[in-house]
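Position 1 is the first residue of the sequence; numbering continues from there.
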Amino acid sequence: MRVQHQDAIGAERLVARRRQVEFVSNTRDGAADARFNLGLTYKRMGRENDAIQAYEAVWRDYPDTELANMARLRVGYIYEDAGDSARAV
């Protein structure tokens, strides 16, 4: 029962993050921030592949923002945690 409750909370957070991405997508820094936060949410939910995709979108779509380098680091941490040191660098 507790796991279902945690899943529901995670799903609510994910929906909120997606809405944030859509809402602030008209500003470059806001959109980068929203996408980065989406990556954080996916990571907390244990959805590492989705988190990586969200982070990669930050540095691909918003390379001139401060979050681009932070997103690269986050991807490296995910790979490091998974024991994939070659991709973590």
Side-chain angles (χ1 to χ4, degrees):
M1 189 69 155
R2 181 168 172 78
V3 172
Q4 289 176 336
H5 177 71
Q6 289 175 338
D7 287 345
I9 290 172
E12 289 173 10
R13 287 182 182 157
L14 180 59
V15 168
R17 295 288 189 204
R18 284 189 176 173
R19 286 185 182 147
Q20 182 185 20
V21 168
E22 293 169 4
F23 179 74
V24 298
S25 64
N26 61 345
T27 65
R28 190 159 182 78
D29 288 339
D33 186 54
R35 187 63 61 103
F36 185 86
N37 286 331
L38 186 60
L40 291 174
T41 301
Y42 280 135
K43 176 66 173 111
R44 288 184 188 130
M45 293 175 68
R47 295 174 58 179
E48 283 78 9
N49 289 332
D50 291 325
I52 290 170
Q53 289 178 4
Y55 291 136
E56 286 176 343
V58 173
W59 82 65
R60 180 188 64 240
D61 298 340
Y62 313 102
D64 58 336
T65 64
E66 293 181 26
L67 289 175
N69 287 332
M70 291 176 63
R72 286 182 186 269
L73 286 172
R74 292 285 180 162
V75 169
Y77 293 147
I78 292 170
Y79 285 129
E80 182 179 50
D81 289 346
D84 190 346
S85 58
R87 294 178 81 184
V89 177

J.: Quick check: do W59 and V75 have side-chain heavy atoms less than 4.5 Å from each other?
T.: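 Heavy-atom side-chain distance check passes, below 4.5 Å.
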J.: When you look at V58 and M70, which way does the side-chain contact (heavy atoms from CB on, under 4.5 Å) test go after all the steps?
T.: CA-CA 9 Å; V58 173; M70 291 176 63; over 6 Å; no
J.: Can you tell if the side chain of Y55 reaches within under 4.5 Å of the side chain of L67, non-hydrogen atoms only?
T.: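 SC-SC contact between Y55 and L67 ruled out.
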J.: Supply the atom-to-atom distance E56 CD to R72 CZ, rounded to the nearest 0.5 angstrom.
T.: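 Rounded to the nearest 0.5 Å, the CD-CZ separation comes to 9.0 Å.
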J.: Go through the steps for D81 and K43 under the test side-chain contact (heavy atoms from CB on, under 4.5 Å), then give the verdict.
T.: CA-CA 12 Å; D81 289 346; K43 176 66 173 111; 4.2 Å; yes
J.: Should T65 and R35 count as side-chain neighbours, where that means a heavy-atom distance under 4.5 Å?
T.: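 Contact flag for T65/R35 side chains = no.
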J.: CG of N49 to CD1 of I78: how many Å apart, nearest 0.5 Å?
T.: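 N49 atom CG to I78 atom CD1 measures 8.5 Å (nearest 0.5 Å).
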J.: Measure across P63 and A68 and return the closest heavy-atom pair with its distance rounded to 0.1 Å.
T.: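 Heavy atoms only, the tightest pair is O-CB, 3.7 Å.
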J.: Of all the heavy-atom pairs spanning G39 and A51, show the shortest one and how long it is.
T.: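 G39 and A51 have their closest heavy atoms at O-CB, 3.4 Å.
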